[in-house]
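Given the structure is predicted, the values throughout are model-derived calculations rather than measurements. In this chain, residues are counted from 1 in sequence order. The analysis underlying the following values was restricted to heavy atoms, covering all of them including side chains, and did not include hydrogens, waters or symmetry mates.
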Amino acid sequence: MSTNSNQQNGGPDEAVISYQQLRMFIGLLGLCLSLMLFLTTFLLNDQSPFKVSISHYYYSFGHIIFVGTLCIMGGLFGTYRGKRKYENLVSNLCGVLAILVAAFPTKFEGYGGNMYICIENENYKGWFSYVHYASAGLLFALFSVYCFAFFPKTDEKPETPEEILKKKSRDIYYRICGWGIVLSVICIGILAILHISEDTVSSSVFLTYSTLIFETTSLFFFSTSWLLKSSSTWKLTVPFFR
């Protein structure tokens with residue numbers, strides 16, 4: 001009777017597939033965010049499709065994509081239920097932080113190109129930027145926690161030499177992603193603390209878009225780790241992680 005009931009209601013196999021798909025959706029959103037923002041502003045003839053940071057797309061033609069993607073990710077994290085201790089707490093916190101990043105925009109200062117959303121100075125509170133930066137920084141930090149603490153663990157223990165090798169390869173990539181996120185955030189912080197002069201920044205393409213570059217690398221490491229984890233079942237194969 002229990003077998004029939006499982007088959008009628010989807011059973012544990014369907015739950016596993018949904019769990020894997022949830023990870024895949026989170027990974028795809030993170031992977032496509034920067035590209036979608038750039039393409040939107042470029043196709044809508046924004047004078048400056050590249051902004052100084054991903055957060056500055058809040059004021060651009062990509063406003064809906066920026067806010068919408070973060071809110072969707074917030075909802076996905078809120079529904080994500082990990083199997084490890086504290087993983088539910090971390091995922092719920094990630095959901096809240098993603099929505100806070102979307103709800104409290106960064107400062108307009110440094111924005112270039114066409115404007116879609118305008119916030120009057122009297123309506124923009126100084127503490128908005130503090131909430132935004134703190135939420136974004138903590139969000140990226142928690143992304144690295146998944147790579148270091150949660151993703152390397154699995155319920156299915158590798159048995160064959162091929163499975164053991166695959167597990168080691170995945171664990172190495174998770175660590176690479178974790179350190180990639182951490183180093184990207186550190187680089188953003190260091191460049192912000194240095195207070196490089198505007199003349200120096202404007203004369204260097206790298207310094208001008210350094211925040212955008214390192215935010216994109218952080219999202220790349222975050223998203224690819226989630227996409228890899230979405231196919232963590234040993235029966236599935238992923239190129240380079242066979």
Side-chain angles (χ1 to χ4, degrees), residues 19-20 22-35 37 53-55 66 69-102 104 106 129-155 166-194 209-232 238 240-241:
Y19 203 71
Q20 303 297 83
L22 187 58
R23 289 170 175 162
M24 182 185 67
F25 292 149
I26 292 175
L28 286 175
L29 284 173
L31 186 64
C32 296
L33 178 57
S34 296
L35 179 61
L37 290 172
S53 73
I54 290 179
S55 298
F66 174 77
T69 300
L70 284 172
C71 289
I72 292 172
M73 288 184 68
L76 292 176
F77 273 116
T79 58
Y80 182 81
R81 291 292 178 267
K83 299 181 180 180
R84 310 297 165 193
K85 187 177 182 180
Y86 303 123
E87 193 170 357
N88 287 345
L89 176 62
V90 171
S91 57
N92 288 335
L93 185 55
C94 283
V96 173
L97 291 172
I99 293 176
L100 287 177
V101 172
F104 296 93
T106 186
S129 60
Y130 293 111
V131 174
H132 180 87
Y133 294 133
S135 299
L138 184 55
L139 183 60
F140 279 117
L142 292 178
F143 287 164
S144 67
V145 171
Y146 280 99
C147 298
F148 289 129
F150 300 141
F151 286 171
K153 298 179 180 179
T154 179
D155 293 332
K166 184 192 295 186
K167 176 70 166 58
K168 289 181 178 179
S169 299
R170 289 171 180 269
D171 290 349
I172 290 173
Y173 189 70
Y174 290 140
R175 287 194 290 271
I176 291 174
C177 289
W179 284 113
I181 294 171
V182 170
L183 292 175
S184 296
V185 173
I186 289 176
C187 288
I188 295 174
I190 290 175
L191 291 173
I193 293 173
L194 289 178
Y209 300 105
S210 59
T211 300
L212 175 65
I213 292 170
F214 289 120
E215 285 177 338
T216 301
T217 57
S218 295
L219 284 175
F220 172 80
F221 289 120
F222 152 73
S223 58
T224 53
S225 65
W226 277 81
L227 288 173
L228 182 60
K229 189 63 177 179
S230 72
S231 61
S232 62
V238 177
F240 307 112
F241 296 93

Peer 1: Taking Lys167 first and then Asp171, would you say they form a salt bridge - that is, a charged N and a carboxylate O separated by under 4.0 Å?
Peer 2: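 Between Asp171 and Lys167 there is a salt bridge, with a charged N closer than 4.0 Å to a carboxylate O.
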Peer 1: Quick check: do Leu139 and Cys94 have side-chain heavy atoms less than 4.5 Å from each other?
Peer 2: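 They are in contact (side-chain heavy atoms under 4.5 Å apart), so the answer is yes.
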Peer 1: Going by ring-ring contact (aromatic ring centres under 6.0 Å, His included), name the residues that satisfy it together with Phe140, two or more places apart in sequence or in a different chain.
Peer 2: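 Partners of Phe140 under the ring-ring contact (aromatic ring centres under 6.0 Å, His included) test: Phe143.
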Peer 1: Do Glu215 and Ser55 come within less than 4.5 Å of each other through their side chains, counting heavy atoms only?
Peer 2: yes
Peer 1: May I ask you to test the Met73-Phe25 pair for a side-chain heavy-atom distance under 4.5 Å?
Peer 2: no
Peer 1: Considering residues at least two apart in sequence or located in another chain, which fulfil the side-chain hydrogen bond (donor to acceptor under 3.5 Å, both in side chains) criterion with Tyr133?
Peer 2: Thr106
Peer 1: Mind checking ring-ring contact (aromatic ring centres under 6.0 Å, His included) for Tyr130 and listing every partner two or more places apart, or none if nothing turns up?
Peer 2: none
Peer 1: Between Cys147 and Trp179, is there a side-chain heavy-atom distance shorter than 4.5 Å?
Peer 2: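 No; the side chains remain at least 4.5 Å from each other.
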Peer 1: Is the distance between the ring centroids of Phe151 and Trp226 less than 6.0 Å?
Peer 2: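 Aromatic pair counts; centres sit under 6.0 Å.
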Peer 1: Restricting to non-hydrogen atoms, name the atom on Ile188 and the atom on Thr211 that form the minimum distance, rounded to 0.1 Å.
Peer 2: CD1-O, 4.1 Å
Peer 1: Apply side chain to side chain contact (heavy atoms under 4.5 Å, CB included) to the pair Ile54 and Leu212, showing each step before the final yes or no.
Peer 2: CA-CA 6 Å; Ile54 290 179; Leu212 175 65; 3.6 Å; yes
Peer 1: Nearest heavy-atom pair of Ser34 and Thr216: which atoms, and what distance?
Peer 2: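 Nearest pair, atom of Ser34 first, then Thr216: OG-OG1, 3.4 Å.
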Peer 1: With a 4.5 Å cut-off on side-chain heavy atoms, are Leu191 and Phe214 touching?
Peer 2: yes
